[in-house]
Amino acid sequence: MTPPSTSPVAAPAGAASPTAYHGVVAAMLTPCRAPGTVDPQGTTRLARVLVEQGCHGLFVLGSTGELPLLDEDDRAALLVAAREGAGPNARLYAGVSGTGVCQTIRYARLAAEAGADVAMIMAPFFLKFDQVELEAYVRAIADASPIPVGIYHHLRMPSVFEPATVARLAGHPNLVTMKDTSADLDRMRKLIRGTAGQGLALFQGSEPLILPSLEAGAHGCVSALANVAPRWHRELLDAWSRGDREAAKQAQQRITHLAGLFRLEPVGRSFAHFAYVLRYAAQAQGWIESICGMTPGFKPDPAFTHAVREHLKAVGLI
């Protein structure tokens, strides 16, 4: 199959206005040489593959990339490696979350030095903030960051970015995008309505909701499954952009079927099980060398590995 074009996605009639932030963004996993040891060369290789396969951008150091387990040296090495692999035309989104405003600003500066285009901010880990505090937290970082910033909302975090808070933040001149991983289509619609006309690009992070979110006015997706099926994601975006809803629907169905990997019972036991299904699929396609991650002590059960392999065969990925 010929890799799809990497030209910008054009917005179809009725879609959100096109912005510089759009399309398919892979929420990159972190290649490792051994448990707990990152592989910068493997990161460059994977980044290159994903862009060649049609990704418009890469989100490095997100939850799929095991950000909380990476120290400052690892972060810098992975960003430099991903920038090299992505090339000059793909946009590089870097997770910069830390344990407070000052540390997160320092990580944003580190990301800028490494060549990242956007610094992605999560709510603070562990501690719950109210909406006034959360808004002030983002503003302080956006004010100081040397590169544009984005919000990364995830349902596992203790603080929720309410749509009204995002609408107030959307006018900040250095806030350009948001990834929402809440598995809530109504919430995405509220975010789109609340930020309309303010230039904030909204990305869906829940794979089964990509097409409905595009129909509602989202600008693209940030997907963990784009690590292993970037062409399917690109086919969805390209079909939608040319107004071919039937082809887009078929691509969405393939992605949704693939997302059944995350419903395998062991995936709920630990993050390492979640990451393993992606690593296995990437390794099976020759994109990474090792299935090791940052978590020590993880050993997949043979029955789990068999279930992962059979699912990937059933959906036609391997």
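Values reported hereafter were calculated over all heavy atoms of this structure, with side chains retained and with hydrogens, waters and symmetry mates removed.
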Would you find a donor on one side and an acceptor on the other, under 3.5 Å apart, between the side chain of T44 and the backbone of A81?
yes
Donor-acceptor pair, side chain of Q285 and main chain of A281, under 3.5 angstrom
yes
Using modelled atom types only, decide if a donor and an acceptor are shared between the side chain of N227 and the backbone of A27 within a distance under 3.5 Å.
yes
Pair H154, T181: side-chain N/O donor-acceptor within cut-off below 3.5 Å:
no
Is there a donor in the side chain of T165 and an acceptor in the side chain of E135, or the other way round, less than 3.5 Å apart?
no
Would you call the rings of Y276 and F304 parallel, tilted or perpendicular, taking 30° and 60° as the class edges?
tilted
Looking only at the side chains, is there a donor atom on one of H172 and D143 sitting less than 3.5 Å from an acceptor on the other?
yes
Is the distance from the ring center of Y21 to that of H56 below 6.0 Å?
no
Intermediate values then yes/no, side chain to side chain contact (heavy atoms under 4.5 Å, CB included), F161 and R187
CA-CA 11 Å; F161 282 98; R187 173 184 159 84; 4.0 Å; yes
Give the minimum heavy-atom separation between L134 and A123, together with the two atoms involved.
CD1-CB, 3.9 Å
Is the side chain of Q283 donor-acceptor paired with the backbone N or O of E289 at a distance under 3.5 Å, no angle test?
yes
Ignoring hydrogens, what is the shortest heavy-atom contact between V60 and A82? Give both atom names and the distance.
CG2-CB, 3.7 Å
Consider side chain to side chain donor-acceptor pair (under 3.5 Å). Of Q204, R189, H219, which one does S213 pass it with?
Q204
Tell me if a side-chain donor or acceptor on Q131 pairs with a main-chain N or O of V160 at a distance below 3.5 Å.
yes
Would you say that L110 contacts L79 through its side chain, given a criterion of any heavy-atom pair below 4.5 Å between the two side chains?
yes
So does C32 get a backbone contact from the side chain of T37, meaning a donor-acceptor N/O pair under 3.5 Å?
no
Indicate the atoms forming the closest heavy-atom contact of S145 with A119, along with that distance.
OG-CB, 4.2 Å
Within 45° of the six-membered ring axis of Y280 and under 6.0 Å from that ring's centre, is NZ or CZ of R309 located there?
no
Between R234 and Q53, is there a donor-acceptor pair closer than 3.5 Å when you use the side chain of the first and the backbone of the second?
no
Residue pair E66, R279: steps toward the salt bridge (charged side-chain N to carboxylate O under 4.0 Å, His left out) verdict
CA-CA 13 Å; E66 302 176 90; R279 295 181 188 281; 2.5 Å; yes
Tightest non-hydrogen contact, residues L58 and M28, listed as CD1-SD, 3.8 Å
Check: T256 side chain, Q252 main-chain N or O, donor-acceptor pair, under 3.5 Å:
yes
Take atom CD of Q103 as the centre, draw a 6.0 Å sphere, and report whether it contains more than 12 heavy atoms from other residues, nucleotides or ligands.
yes
For S223 and A226, indicate whether the former's side chain and the latter's backbone hold a donor-acceptor pair under 3.5 Å.
yes
Without swapping roles, check the side chain of N174 against the backbone of A142 for a donor-acceptor pair under 3.5 Å.
yes
Measure from the ring center of Y152 to the ring center of F59 and say whether it is less than 6.0 Å.
yes
Return the minimal non-hydrogen interatomic distance between P300 and T305, and the atom names on each side.
CB-OG1, 3.8 Å
Please report the shortest heavy-atom distance between P40 and A77, naming the atom on each side.
CG-CB, 4.2 Å
